[in-house]
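In what follows, every heavy atom counts, from backbone to side chain, and hydrogens, waters and symmetry copies are set aside. Below, chains carry the letters A, B, ... as their sequence lines are ordered, and counting in each starts from 1.
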There are 2 protein chains.
Amino acid sequence: MRRSAVDAQHTRDTIIAKAAAIASVDGLEGVTIGRLAADLAMSKSGVLGHFGTKEGLQLAAIDRVIADFRAKVVEPALTRDRGLPRLTALCDHWFDYLADTGLPGGCLLTAAAVEFDTRTGEVHDTVAELWNDWRRLLRAELKHTGLDVDQCLFELMALGPAVNQAIQLHGDRKAPERAKRAARTVLLVKA
Amino acid sequence: MRRSAVDAQHTRDTIIAKAAAIASVDGLEGVTIGRLAADLAMSKSGVLGHFGTKEGLQLAAIDRVIADFRAKVVEPALTRDRGLPRLTALCDHWFDYLADTGLPGGCLLTAAAVEFDTRTGEVHDTVAELWNDWRRLLRAELKHTGLDVDQCLFELMALGPAVNQAIQLHGDRKAPERAKRAARTVLLVKA
DNA sequence: CCTACCGATCGGTAGG
DNA sequence: CCTACCGATCGGTAGG
């Protein structure tokens, strides 16, 4: 009875997954309706009908990846005690995520931060909000440590993009381990 | 007599400057011949004639910015003694450059590293080579310090992208100072 | 450096 | 979800 609605949802999921994969390699602007339709053996209007506009599709792809990031990085760390234990867990999960995002081009959220940092629009706003949320999360935990909050925040925030670049551009597979060690130095925690 | 050749060189310089400015905001793929022609009140073929292809134009823009980076960041530091003095100079100039690149969208080289990290072609190769050169430069100096070369290299490399993101995405104008302080911590140098 | 043009592709819409 | 189509723009070329 509701088979067609289920099918539509499945099609939508498939489109989003493919869009995120393309965006991780070629950027969110590199996601085109025509290419997506061809890759999925659909018509362009069949693709676009699920999202209305290209921007709607970009936002859907970002939202999907943000949900995945929250599930893999943020949620598991919230079981840890506030302050240093939670901070080290957040960082460790972050660096592990960057090494294994499930997308062919690495971390879409890290790439989107650079791609949209000086643009305007909803995509920029969503990306900026995501990273502001992440900063606020780390900042709130840093306040429990007695450390220099702003300086430590800057130094921890640096490690994610560094892991991404070390892996994607330099092929350094040890990057997550180096970042974990660096985070412990910042937080004055013994490895 | 040679006025036309001088004019042509001037036109070429103007095109490259505009292309770099656009690329800093919208990415190197966002540089289109038609937009450049409209902005400069030229014909498309007038623009393209100087570079042959869009890729040629992208490479010319990158080469220009690389030369500027070398002149502002690398060259001034080479007068300092090898090891820690040169490393701190390289880092300081790097962070100051990131805060004032002369381009409206921030650092094109940092953005291009992310935009092209998982693509193929000459643009990718040029960008990868630039960052490999920078890594080799820092690594060579780190070998004079007695510090853990690979770990320190990772931690220093992290600070550039961090400054860029802090400024462009979060509007944190104190980022260069924070990065200078972080670099001194990494290098065990007193501030 | 220009005009004039090429085929391909862009995001999106009409109508079913 | 489809076909068929829109105007705009893409990178690039011919010929001058």
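Between F51(B) atom CZ and dT13(D) atom P the separation is 16 Å, expressed in whole Å. For the pair I33(A) CD1 and dC1(D) P, the interatomic distance rounds to 14 Å; values are reported in whole Å. When the C1' atom of dC1(D) is taken as reference, atom CG of L40(A) falls 13 Å away, rounded to whole Å. Distance, L36(B) CG to dG12(D) P: 13 Å, rounded to whole Å. E29(B) has its CD atom 14 Å from the C1' atom of dT9(C), to the nearest Å. Remark: P of dC10(D) and CG of L57(B) are 13 Å apart, rounded to the nearest angstrom. At whole-Å resolution of the value, NE2 in H50(A) and P in dG11(C) are 17 Å apart. Between the C1' atom of dG11(C) and the CZ atom of R35(A) lies a distance of 16 Å, rounded to the nearest Å.
Here the rule is salt bridge (Lys or Arg N to Asp or Glu O under 4.0 Å) with E141(A), and of R136(A), R135(A), R86(A) only R86(A) fits it.
In this structure, R184(B) contributes its side chain and V189(B) its backbone to no donor-acceptor pair below 3.5 Å.
Salt-bridge annotation for E29(A) and K54(A): present, with a side-chain N of the basic residue lying under 4.0 Å from a carboxylate O of the acidic one. Here R35(B) pairs with D26(B) in a salt bridge; the nearest charged N to carboxylate O distance falls below 4.0 Å. With respect to the salt-bridge test (charged N to carboxylate O, under 4.0 angstrom), the residues K72(B) and D96(B) do not qualify. Salt bridge status for D148(A) with R181(B): present, with a side-chain N to carboxylate O gap under 4.0 Å. A salt bridge is absent between D92(A) and R80(A): the closest approach of a Lys/Arg side-chain nitrogen to an acidic carboxylate oxygen does not fall below 4.0 angstrom. D13(A) and K18(A) are not joined by a salt bridge, as no carboxylate oxygen comes within less than 4.0 angstrom of a charged side-chain nitrogen. Contact check on K174(B) versus E177(B) returns no salt bridge, with no Lys/Arg side-chain nitrogen under 4.0 Å from an Asp/Glu carboxylate oxygen.
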Check: protein-nucleotides 3-7 of chain D nitrogen or oxygen pairs below 3.5 Å:
from, atom 1, to, atom 2, distance (Å)
dT3(D), O4, S45(A), OG, 2.8

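In this structure, G49(B) reaches neither bases nor backbone, as no heavy-atom distance under 4.0 Å exists between it and the strands shown. Among the heavy atoms of the strands lying under 4.0 Å from V31(A) are primed sugar atoms or P, OP1, OP2 only; no base atom is included. Nucleic acid contact class of L48(A) (heavy atoms, under 4.0 Å, all strands): base.
Using a 30° and 60° split on the angle between ring planes, F69(A) and Y97(A) fall in the perpendicular class, above 60°.
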Residues L147(A), E155(A); criterion side-chain contact (heavy atoms from CB on, under 4.5 Å); working and verdict:
CA-CA 12 Å; L147(A) 296 165; E155(A) 295 181 12; over 6 Å; no

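Near DNA chain D, defined here as any heavy-atom distance below 4.0 Å, there are no residues from residues 121-128 of chain B.
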So what does the secondary structure string of DNA chain C come out as, 5' to 3', with Watson-Crick or wobble pairs under 3.5 angstrom, [ ] for crossing and | for pairs with another strand?
||||||||||||||||

